[in-house]
Each structure stands twice: as structure tokens, then as C-alpha cells.
Amino acid sequence: MTTDTAPEAFTPRSEFIRVMQERGYVHQCTDLTALDAAAAEGRFTAYVGYDCTADSLHIGHLISIMMLRWFQKTGHRPIVLMGGGTTKVGDPTDKDQQRPLLTDAVINANLASIRRTFSKFLTFGDTGGGALMVNNADWLEKLGYIEFLRDYGVHFTVNRMLAFDSVKLRLEREQPLSFLEFNYMLMQATDFLELYRRHGCRLQMGGSDQWGNIINGVELVRRVEGKPAFGLTTPLLTTSSGQKMGKTLGGAVWLNAEKLSPYDYWQMWRNTEDADVGRFLKLFTELPLDEIARLEALGGAEINEAKKVLAGEATTLLHGREAADTAAAAARAAFEEGRLSEDLPTVEVSAADLAGMSHTALMVAAGFASSNGDARRQIAGGAFRIDGVKVSDAAALVALSGPEAELRKGNARKRLVVT
């Protein structure tokens, strides 16, 4: 198995690979030249898998969603594979401990909630280039275990499985790896084979942390069916300061509006580090590259205008233009014009509850902290203000001067608290 990132003097024949390279999506590929040739021949089918461990995807999933979107926009058919079956096992990749095992009811509820996100980015349909959404529970739950081991287990060696980072790192840290989790990579490889048989799918895409799992699927298709298959991964998404993108001090950046408001989503992009603006415009918007180059070249305070464009375009893709414009107007009113906006996210607290509420509890209720301990740490660092006054005593009770007040975390996030 060769790893081909981008051969020198390589000029893509297919629009899909050209877009992937120009916009910075390509990290590893099993054979980029052959994949490009296959994609140039006509309509191609590719998939990305998503387990149902929560009721919303987060921004860490967004880069692969954008890959599926571009795949469809360049004339091909994307498949969204929902892991109704693999979620029952749990992917050990990048995990020190086994995930909690979820019930069927929770997995199905999570899957139904996640479905809504993809309708914002893809056009679904049963024919032509219409996207498909399938559930790997449809075939994994029907596998007889002995038959599964006889048919597929012979194509995997324990020696090689132990060499994959998802396994090796857990063992090096002396963290237990259950036999259930050890089977995950076989099950994910079976997904690729099944999608090849059912839909002619020849490409799996995903993040660089999935490289080992993807390689297993590529090799299983080749060994069982004797046909070429491909894997393509994106770089690990980090900020220029080295932080893993997708987390804030208040927790994950969720894609469902019920878990993170369009306003907060807009603000997250608005707060992008200067050095990341051009890269994120390429990855998370559909602006033309020449316009991105113009915005990226802005210097000094003007780079803030590029950040607003990034925030507006990224929020429009997920929540729609109206929500993006509303968020921008609320931010402008709150930060540039110095007044409160009714479109700011609101925290409603009854007068009775507020009378006995500490600053710590209010920060958690506002979504500015993930726990009381997190809130206390942030207050100690001076991150929290009420009506412009810095909160210094985490245990003190909240005392508002009126029926509403402005809560601020750092220099960007605001809330209204209303009694």
C-alpha cells in the first residue's frame, strides 16, 4: 500500500482532486494519481462514516462534510454512512478509555438528530448524483460471528493490527483495550466492502486519525473483490497556535442549533486567529480562491473584515443566510455600537432561582463553562463580566441591578440574562 500525498508536477485531471488540492484538503491518499484518473472518467462514489455517539456532530466533523459537499458539486455521488452498528462497539481511535456503551434507543435518537445537519450541505436523491444516507447496522447486525471471522478475519493479521496507532497508543499508555473495541477496525473495513458491493463505492474519505481504519477497508475490497479502492484523508485540523480546532473553553462547537446558537457559531469563526483566516476560508467556505487571496492579504485591523466574511459564509452554509445576517447584526450592536441586542442569546433565570445563584452557577447556566470547576477556573482567570464588571468571587451570589444584564466571557462571547 503506497501513500501518495501530492507528486511534484502533478496536474489533476479531475475537478474533484483539483479542488481538494487547491483548497488544502489532501493529506494522505493511497494512490492520488490513480484516484484522480478514476474520478476524471465519470461519476464516482465515495463515503465518509459518522458514529452516533452524540445527538449532534461538532466542528471537527465539518471538514469531511465539506469534502462530501465538494465531491457532489464536482459531479459525483456522496454516501453518508451512519454508524448505527459500529457505535455499539466504539472506535478506540484517539481514546484512552472505552466509550460508554449506548442503548439502541439512544443511538437511534442520536442518528435522527444528526441527519438534519447533512440536509444543509448535500442534496439527497435515489438517482444520478443524489447523495445517499445509509446505516451500517443494516448489515453488521446480520453478520453471524463465526461466518464473519471466517470470511473477513483471515484478511487481517494481529501483528499489523497491533501496529496501528489506535491500538499501539492505548497499549503504550497501559490503558485497557477491550476485545470488543479491537474488532472495530474489522467492522469498519466491512463497511467499505459492503458499500462497494451495494453502491459501487470506491473511495473512503476521513480525517488523518482514521488512516489505519481506511487502509483496512481499501485492502479488504482489493483482496475480496479484486478491485481497486482508494482512501483519502485530510490534515489534522489545528489552529496556527497548535490547538486542536473544535473545542472552546465552554466545550465542543456543536453543529445543531439547539446545542450551539447560530450567534455563538458565528462568533467562533469571527474569533479565528489572523494566521488561519485564509486556510479556513478555503476549507469552510465556497468563496472563489482569488477572493480568498484578497481577503487573506488584508493587514492590520482590516483582517477583521476577512474574519467577518469567514463567519458569515460558514454560518450561512450551516444555518442559512438569515441566521448569519442576524448573528452579524447582533455582534455589531453588542461590540461595535456598545448596545445590547435582542438577538443575543438569552439566559432566562427566575427571580427565585437567581436569589440563591452563585457566579459559578450562572456561568454554567449561560453555557460559558462546562462544569462548576471549569467556571471557577475561568473566574479566577478574569474571564467573566456582568454589565462590564469583572467577576472575581466565584462563590458570591449574583446581584443584578435590573431585570436584565449583559454577561460577557472574554472579549467576544455575550449573553443576556433575563429574570
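None of the values given here were measured: they were computed from a predicted structure. What's counted below: heavy atoms across the whole structure, side chains too, no hydrogens, waters or symmetry copies.
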How close do [X] and [Y] get, heavy atom to heavy atom, and via which atoms?
| X | Y | result |
| --- | --- | --- |
| Thr285 | Ala314 | CG2-N, 4.3 Å |
| Ile114 | Asp51 | CD1-O, 4.2 Å |
| Ile292 | Gly278 | CG2-O, 3.8 Å |
| Met66 | Phe284 | CE-C, 4.1 Å |
| Lys120 | Leu318 | NZ-O, 3.1 Å |
| Thr53 | Asn110 | C-ND2, 3.6 Å |

Do [X] and [Y] have side chains that get closer than 4.5 Å, going by heavy atoms?
| X | Y | answer |
| --- | --- | --- |
| Lys227 | Arg202 | no |
| Leu62 | Phe121 | yes |
| Met268 | Ile59 | yes |
| Leu295 | Val277 | no |
| Lys73 | Val19 | no |
| Asn216 | Leu186 | no |
| Lys259 | Asp55 | yes |
| Phe384 | Gln378 | no |

Checking side-chain contact (heavy atoms from CB on, under 4.5 Å) for the pair Tyr50/Thr87: CA distance, chi angles, key distance, verdict?
-> CA-CA 9 Å; Tyr50 302 88; Thr87 302; over 6 Å; no
When the aromatic ring centroids of His319 and Tyr265 are compared, is their separation below 6.0 Å?
->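 Yes, close enough.
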Between atom [atom1] of [X] and atom [atom2] of [Y], what is the distance when rounded to the nearest 0.5 Å?
| X | Y | atom1 | atom2 | answer |
| --- | --- | --- | --- | --- |
| Asp209 | Leu237 | CG | CG | 11.5 Å |
| Leu310 | Thr272 | CG | OG1 | 4.5 Å |
| Thr360 | Arg377 | OG1 | CZ | 11.0 Å |
| His61 | Thr117 | NE2 | OG1 | 10.0 Å |
| Met205 | Ile63 | CE | CD1 | 11.0 Å |
| Leu193 | Arg223 | CG | CZ | 12.5 Å |

Please answer whether the main-chain N or O of [Y] pairs with a side-chain N or O of [X] as donor and acceptor at a distance below 3.5 Å.
| X | Y | result |
| --- | --- | --- |
| Ser208 | Thr233 | no |
| Ser113 | Ala109 | no |
| Thr30 | Gly231 | yes |
| His199 | Cys201 | no |
| Gln72 | Thr123 | yes |
| Arg270 | Ala311 | no |
| Arg77 | Gly130 | yes |
| Asn136 | Asp191 | no |
| His27 | Pro235 | no |

Inspect the contact between [Y] and [X] and indicate whether a charged nitrogen and a carboxylate oxygen are less than 4.0 angstrom apart.
| X | Y | answer |
| --- | --- | --- |
| Glu219 | Arg222 | no |
| Arg321 | Glu313 | yes |
| Glu194 | Lys142 | no |

Carefully, step by step, assess Leu232 and Val26 under the rule side-chain contact (heavy atoms from CB on, under 4.5 Å).
-> CA-CA 7 Å; Leu232 176 66; Val26 177; 4.2 Å; yes
Qualifying residue, where the test is ring pair (Phe, Tyr, Trp, His ring centres under 6.0 Å) with His76 and the options are Phe71, Trp70, Tyr47 =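 That would be Phe71; it is the only one of Phe71, Trp70, Tyr47 passing the ring pair (Phe, Tyr, Trp, His ring centres under 6.0 Å) with His76.
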Answer yes or no: does atom CD of Glu258 have more than 12 heavy-atom neighbours from other residues, nucleotides or ligands under 6.0 Å?
->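 Atom CD in Glu258 is crowded, with more than 12 foreign heavy atoms closer than 6.0 Å.
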Leu283 and Tyr25: side-chain contact (heavy atoms from CB on, under 4.5 Å), yes or no, with the steps?
-> CA-CA 7 Å; Leu283 292 173; Tyr25 288 98; 3.7 Å; yes
Full working for side-chain contact (heavy atoms from CB on, under 4.5 Å) between Gln204 and Gln210 | CA-CA 10 Å; Gln204 182 183 359; Gln210 290 295 315; 5.5 Å; no
